[in-house]
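Remarks on the structure that follows.
The model shown is predicted, which means the values in this text are computed figures rather than measured ones. Atoms considered below: every heavy atom in the structure, side chains included; atoms not considered: hydrogens, waters and symmetry mates.
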Amino acid sequence: MTSTEALGPIWSRCLDLALEGIAAGSLGISAVITTPEGEVLSAGRNQSYDNDTSCNLIRGNFVSHAELNAIATLQGRSTERRDLILYATVEPCPMCLGAIVMSRIRKVRVASRDPWAGSVRLLDKDWYIAGKNIQADFETGIVEKLFFLLHMLQQWKRSDPKNRKEHGFFGKMEEQYPQYFPFIAHLAGDEGFMDDLMKKDKERIYTRIRDM
């Protein structure tokens, strides 16, 4: 049994896609849609900053979010089901939440919280949305830690160091995850770890983050 098998097959697939996104220059965010029995129906990753070949339909622009791509690639009779589950490595933004509401997805499992743009809180703020009865569950432990850090690493690398303290995004993230936030700069400055990211070496990446 490999280390990442402890994540389970669906989160392991999400890890593959998140690493693909990072290696391509986009964000380490991914999503997978399944049946209640765990059959994978579609998947997507963030592709906002790259145009590489992938499982996505939407590439190279600011709406190339993982959840949108997972929903867009649903095919055939699966689009008629009303019991689908979406696994998201980061809490969906308002745009992606809207797509979830307008799809047949009725359950969302979220790996890491996003207090900046995450919008799960809106599920009970509007009568139409609330009427969909979408259930959202948040992960804890290594799943939460792993996908929070993979999300933040690219955000950290893309940001201007002079503006990080003033930017509300980083402040919100540090407030949400004070126990993990200090790891971001450490990992971003570790050439060996960043090399593992570019190689998409999921076992080494998982083990390093798990053991921090």
Side-chain angles (χ1 to χ4, degrees), residues 2 4-24 26-48 50-114 117-120 122-123 128-140 142-144 146-148 150-151 200 202 206:
T2 62
T4 55
E5 286 178 345
L7 292 171
I10 298 171
W11 287 124
S12 183
R13 174 62 174 147
C14 285
L15 177 56
D16 289 331
L17 290 167
L19 294 179
E20 181 182 302
I22 291 172
S26 286
L27 302 180
I29 303 174
S30 59
V32 169
I33 298 175
T34 76
T35 65
E37 297 74 34
E39 178 189 358
V40 173
L41 300 176
S42 68
R45 68 168 176 86
N46 182 278
Q47 202 158 356
S48 295
D50 78 273
N51 199 30
D52 288 359
T53 299
S54 72
C55 60
N56 291 346
L57 292 178
I58 310 167
R59 305 175 184 173
N61 57 64
F62 290 119
V63 299
S64 304
H65 286 200
E67 299 93 329
L68 282 187
N69 272 305
I71 292 169
T73 53
L74 278 173
Q75 298 291 325
R77 298 193 64 182
S78 62
T79 61
E80 302 172 7
R81 298 186 60 151
R82 297 179 181 272
D83 59 353
L84 302 181
I85 302 170
L86 184 141
Y87 290 72
T89 63
V90 176
E91 184 178 351
C93 72
M95 176 181 68
C96 293
L97 186 75
I100 291 167
V101 168
M102 300 309 294
S103 72
R104 310 287 184 171
I105 294 163
R106 292 298 177 266
K107 185 173 183 179
V108 181
R109 293 188 62 178
V110 181
S112 62
R113 296 177 184 270
D114 181 356
S119 297
V120 165
L122 300 178
L123 287 174
Y128 178 79
I129 297 175
K132 299 291 186 177
N133 295 314
I134 298 170
Q135 178 185 348
D137 296 319
F138 289 87
E139 299 292 323
T140 58
I142 183 56
V143 171
E144 183 178 30
L146 175 67
F147 288 113
F148 166 72
L150 291 179
H151 170 212
K200 297 178 281 190
K202 64 188 289 185
Y206 172 86

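Phe148 does not carry Arg113 over the face of its six-membered ring by the limits of under 6.0 Å from the centre and within 45° of the normal.
Contacts of Asp16 classified as side-chain hydrogen bond (donor to acceptor under 3.5 Å, both in side chains), with partners at least two apart in sequence or in another chain: Lys202. Remark: Glu39 pairs with no residue by the side-chain hydrogen bond (donor to acceptor under 3.5 Å, both in side chains) rule, at least two apart or across chains. Take Met95 and apply the side-chain contact (heavy atoms from CB on, under 4.5 Å) test, not counting sequence neighbours, and it matches Val63, His65, Leu68, Cys93. The side-chain contact (heavy atoms from CB on, under 4.5 Å) check on Ser103 picks up Ile71, Ile105, with sequence neighbours excluded. For Ile129, the side-chain contact (heavy atoms from CB on, under 4.5 Å) partners at least two apart in sequence or on another chain are Val101, Leu123, Asp126. Taking Glu67 as the reference, nothing meets the side-chain hydrogen bond (donor to acceptor under 3.5 Å, both in side chains) condition, with sequence neighbours excluded.
Counting only distance, with no hydrogens or angles, the side chain of Asn46 and the backbone of Leu27 share a donor-acceptor pair below 3.5 Å. Checked by atom type and distance alone, the side chain of Ser30 never pairs as donor or acceptor with a backbone atom of Arg45 at under 3.5 Å. Formation of a donor-acceptor pair under 3.5 Å by the Asn61 side chain with backbone atoms of Arg59 is found in this model. Using a distance-only test at 3.5 Å, with no hydrogens or angles considered, a donor-acceptor pair links the side chain of Gln47 to the main chain of Asp52. Ser26 contributes a side-chain N or O that, together with a main-chain N or O of Asp50, makes up a donor-acceptor pair within less than 3.5 Å. Judged purely by atom type and a 3.5 angstrom limit, Glu139 has no side-chain atom pairing as donor or acceptor with the backbone of Ala111. Looking only at distances, no side-chain donor or acceptor of Asp137 sits under 3.5 Å from a matching main-chain atom of Arg109. Thr73 places a side-chain N or O within 3.5 Å of a backbone atom of Asn69 that can act as its donor or acceptor partner. Not a single donor-acceptor pair under 3.5 Å links the side chain of Ser42 to the backbone N or O of Val40.
For the pair Ile29 and Ala66, the tightest heavy-atom approach, listed with the atom from each and the gap, is O-CB, 3.7 Å. Scanning both residues, Asn56 and Gly44, for their nearest heavy atoms gives OD1-CA, 3.4 Å. The two atoms that bring Thr89 and Ser112 nearest to each other are O-OG, 2.8 Å, heavy atoms only. Scanning all heavy atoms of the two residues, the minimum distance from Ala43 to Cys55 falls at O-SG, 3.6 Å. Contact between Trp11 and Val110 at its shortest, heavy atoms only, is CH2-C, 4.3 Å.
Remark: Glu20 does not engage Lys200 in a salt bridge, criterion side-chain N to carboxylate O under 4.0 Å.
Atoms OH and CG, on Tyr206 and Leu7 in that order, are 5.0 Å from each other to the nearest 0.5 Å. Expressed to the nearest 0.5 Å, how far CG of Leu17 lies from OG of Ser54 amounts to 8.5 Å. A distance of 3.5 Å separates OH of Tyr87 from CD1 of Ile10, quoted to the nearest 0.5 Å. Between the CG atom of Leu74 and the CG atom of Leu41 there is a distance of 6.5 Å, given to the nearest 0.5 Å.
For the pair Leu84/Thr34, no side-chain contact is recorded, criterion being any heavy-atom separation below 4.5 Å from C-beta on. At a threshold of 4.5 Å between non-hydrogen side-chain atoms, the residues Leu146 and Leu15 count as touching. The shortest distance between side-chain heavy atoms of Val108 and Ile134 falls below 4.5 Å. The shortest side-chain heavy-atom distance between Arg106 and Asp83 does not fall under the 4.5 Å cut-off.
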Thr35 and Ile85: CA distance, side-chain angles, deciding distance, side-chain contact (heavy atoms from CB on, under 4.5 Å) verdict: CA-CA 6 Å; Thr35 65; Ile85 302 170; over 6 Å; no
Leu150 vs Ile22, side-chain contact (heavy atoms from CB on, under 4.5 Å): CA-CA, chis, key distance, verdict: CA-CA 8 Å; Leu150 291 179; Ile22 291 172; 4.1 Å; yes
